[in-house]
Amino acid sequence: MKDLREKAVSGLIWSAFERFGQQSVVFVVQIVLARLLVPEQFGLIAMVAVFMTLSSIVADAGFSQALVQRKDVGETENSTVFYFNLGISCVMTLVLYVVAPYIAAFYEFEELTLILRVLSIRLVIGAFGSVQSAILSRQLLFKEIFWVTFPSTLMSGIIAIALALNGFGVWALVGQTLVQSVLRSFAYWFRSDWRPKPIFDTQCLKEMFPYGSRLALSSFLHQGFQSVYVLVIGKVFSAADLGYFQRARSLQRLPVENIQGILGRVTFPLFSKIQDDSPRMKRGMCKALQLSALIVFPGMALLAVIAEPLIITLIGGKWLPAVPYLKWLCLFGAIYPLHAMNVNLLLSIGRSDLMLRLEMLKKFLILINVLITYRFGIQEMIYGMIATSIIGLWINTFYTKKFIDYSFYQQLSDLIPMICIALVIFTVNYGLIQAISISAPFTLLVALCAGGILFLLSLRFVGASLRGELERVLNQFSLGRIVSRVLL
């Protein structure tokens with residue numbers, strides 16, 4: 001148990017390094033590109049990104065995560081999945097090449113044809129590193145993953161900025177995606193000692209297919225229905241409107257998906273190892289939810305209140321129409337980690353079939369929301385997103401209650417301290433910003449300082465068990481002991 005705990009803490013730390021390192025670079029690069037490019041160009045990429053994401057899910061077919069979830073994995077499974085993913089990726093690249101003109105006609109932007117055809121190459125490139133990534137994740141070797149993702153993200157960002165400065169416009173964003181995929185796949189081969197063997201076992205695929213296919217279909221439904229908003233906004237409204245929506249969405253997703261990505265990538269293999277110990281899983285689930293909420297809830301509250309000065313300071317006044325979208329998306333984003341953690345539990349015990357049922361039900365809610373709200377405007381669509389997310393969370397917890405006796409109301413009760421912290425941070429900063437009528441950068445600085453101080457002070461009011469978990473993580477760093485003694 002001790003070795004598993006140490007590996008989990010180490011994995012959590014390096015996963016944090018990998019996530020925050022990569023996303024810090026992405027954040028800076030996106031700020032620079034947002035100043036160099038116009039909202040319409042980001043909107044064009046958002047239109048084709050929908051189809052790239054869905055094609056990636058089909059190409060992988062859930063087998064990469066099946067490799068992580070299985071108790072016993074050998075050379076046969078790894079090599080079989082490698083060749084399968086590579087073959088399907090080639091097929092999907094060909095499919096995108098053929099349908100690209102029709103997608104361009106749907107949006108009424110002829111230039112999307114060439115953009116999508118060029119981007120489709122990324123599927124084949126990415127397939128070369130998918131199994132290596134799964135192997136490293138299974139072994140909780142997130143230090144190795146850090147040295148894959150961080151350099152590739154940095155180099156591709158630098159190239160994208162160089163292209164934008166030289167007037168390449170939307171092709172700077174295309175180049176960034178392709179360069180990152182090439183560098184990442186190359187780095188996975190360099191950091192991992194695994195190489196595919198000339199083995200392909202159809203029986204192995206059949207064994208993994210039920211879990212992987214249901215997971216892939218669930219992911220396809222999730223991404224597909226989340227992309228409905230992009231499809232509708234891109235078709236009904238303008239490319240600039242879609243650019244504003246996507247910019248707000250990316251700012252909201254940055255902290256949320258980073259935190260959840262860190263915890264999710266560690267808890268999935270960890271819960272998979274203890275899937276037969278329900279009490280232990282419940283304790284782990286509670287701590288994971290609280291750790292996630294302790295950061296995400298106050299973070300979303302602060303982001304909502306500083307939305308306007310943040311956007312003006314970072315990417316300029318031309319992006320101001322994104323401010324109201326960002327404010328309301330923060331409430332939507334605060335709920336996301338709770339969804340993801342409950343779904344992660346089902347995946348870790350191998351019940352992708354149940355996850356698929358839940359996803360189909362939640363997607364029906366999303367469809368209803370879109371059909372009702374699109375005619376009123378983008379902001380009304382976001383209101384509907386929040387409502388369906390709350391209902392979906394209640395649905396998600398049904399099986400969590402069944403398998404580990406951890407109901408929706410128990411989870412909500414465990415998160416009350418984090419909700420209170422978020423409300424205090426939002427209220428204090430809202431009053432502070434209303435009282436300050438100075439420049440946006442100064443207002444932003446004051447609000448960030450106030451939010452940070454309030455957050456640090458609030459750590460003294462969370463439970464001793466949670467403080468202990470934070471202290472154990474902080475103590476892994478060279479300065480962690482000093483910080484933990486001061487703060488915790």
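Small disclaimer: the values here were computed from a predicted structure and weren't measured.
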What closest approach, in Å, do Q252 and G333 show between heavy atoms, and which atom pair accounts for it?
-> NE2-CA, 3.2 Å
F128, CZ: over 12 other non-hydrogen atoms inside 6.0 angstrom | no
Look only at the side chain of S227 and the backbone of V230, and say whether a donor-acceptor pair between them is shorter than 3.5 Å.
-> no
For T76, does its backbone N or O pair with a side-chain atom of S79 as donor and acceptor, under 3.5 Å?
-> no
Interatomic distance, M381 atom CE to T373 atom OG1 [nearest 0.5 angstrom] | 5.0 Å
Kindly indicate whether the side chain of L96, heavy atoms from C-beta on, has any atom under 4.5 Å from the side chain of L119.
-> no
Would you check, one step at a time, whether the test side-chain hydrogen bond (donor to acceptor under 3.5 Å, both in side chains) holds for S250 with R247?
-> CA-CA 5 Å; S250 65; R247 177 56 50 207; 3.2 Å; yes
State whether the side chain of S130 and the backbone N or O of A127 hold a donor-acceptor pair below 3.5 Å, judged by distance alone.
-> yes
State, to 0.1 Å, how close F426 and A301 come at their nearest heavy-atom pair, and which atoms those are.
-> CD1-O, 3.5 Å
Can you check side-chain hydrogen bond (donor to acceptor under 3.5 Å, both in side chains) on T153 and Q180, steps first, answer last?
-> CA-CA 6 Å; T153 302; Q180 184 180 42; 3.0 Å; yes
Given Y244 and L326, is the side-chain contact (heavy atoms from CB on, under 4.5 Å) satisfied, shown in steps?
-> CA-CA 9 Å; Y244 296 133; L326 177 57; over 6 Å; no
Separation of Y102 OH from T113 OG1 (nearest 0.5 Å) | 10.5 Å
Could you tell me the separation between the CD1 atom of I395 and the NE2 atom of H339, rounded to the nearest 0.5 Å?
-> 9.0 Å
Quick check: does any side chain N or O of T93 sit under 3.5 Å from a backbone N or O of S120, one acting as donor and the other as acceptor?
-> yes
Do L310 and L303 come within less than 4.5 Å of each other through their side chains, counting heavy atoms only?
-> yes
Would K401 count as a cation-pi partner of Y406, with NZ or CZ less than 6.0 Å from the six-membered ring centre and within 45° of the ring normal?
-> no
Are the side chain of S292 and the backbone of L289 linked by a donor-acceptor contact shorter than 3.5 Å?
-> no
Any side-chain heavy-atom pair from V95 and V58 closer than 4.5 angstrom?
-> no
Atom CE of M300 and atom OH of Y336: how far apart are they, to the nearest 0.5 Å?
-> 12.5 Å
Check step by step if side-chain contact (heavy atoms from CB on, under 4.5 Å) holds for Q379 and W328.
-> CA-CA 8 Å; Q379 192 158 321; W328 286 103; 3.6 Å; yes
Could you check if a side-chain atom of M385 sits within less than 4.5 angstrom of a side-chain atom of I366, using non-hydrogen atoms only?
-> no
A293 and P298: which non-hydrogen atoms are nearest, and at how many Å?
-> O-CD, 3.3 Å
Which is it for N369 and Y229 under the side-chain hydrogen bond (donor to acceptor under 3.5 Å, both in side chains) test, yes or no, and what are the steps along the way?
-> CA-CA 10 Å; N369 172 47; Y229 297 107; 2.9 Å; yes
Between CD of E111 and CG of L116, what distance do you get to the nearest 0.5 Å?
-> 12.5 Å
Look at the side chain of K318 and the backbone N and O of A34, then say whether any donor-acceptor pair between them is shorter than 3.5 Å.
-> yes
Within the side chain of S55, is there an N or O that forms a donor-acceptor pair under 3.5 Å with the backbone of M52?
-> no
Side chains of F109 and L112: closer than 4.5 Å at any heavy-atom pair?
-> yes
Look only at the side chain of R122 and the backbone of V118, and say whether a donor-acceptor pair between them is shorter than 3.5 Å.
-> no
In Å, rounded to the nearest 0.5 Å, how long is the span from CD1 of I335 to CD1 of I386?
-> 7.0 Å
Can you tell if the side chain of E308 reaches within under 4.5 Å of the side chain of I433, non-hydrogen atoms only?
-> no
For F42, the ring-ring contact (aromatic ring centres under 6.0 Å, His included) test, sequence neighbours excluded, returns W319
Residue pair F27, L314: steps toward the side-chain contact (heavy atoms from CB on, under 4.5 Å) verdict = CA-CA 10 Å; F27 183 64; L314 294 183; 3.4 Å; yes
Minimum side-chain heavy-atom gap Q132-I135 below 4.5 Å | no
K327 side-chain N/O to A307 backbone N/O, donor-acceptor pair under 3.5 Å = no
The single option from I421, T427, V428 that satisfies side chain to side chain contact (heavy atoms under 4.5 Å, CB included) with I425 is I421
Walk me through it: do Y409 and W394 pass the test side-chain contact (heavy atoms from CB on, under 4.5 Å)?
-> CA-CA 9 Å; Y409 299 105; W394 181 79; 4.1 Å; yes
Could you tell me whether the side chain of T80 and the main chain of E77 form a donor-acceptor pair under 3.5 Å?
-> no
Answer yes or no: is there a side-chain heavy-atom contact under 4.5 Å between V124 and M92?
-> no
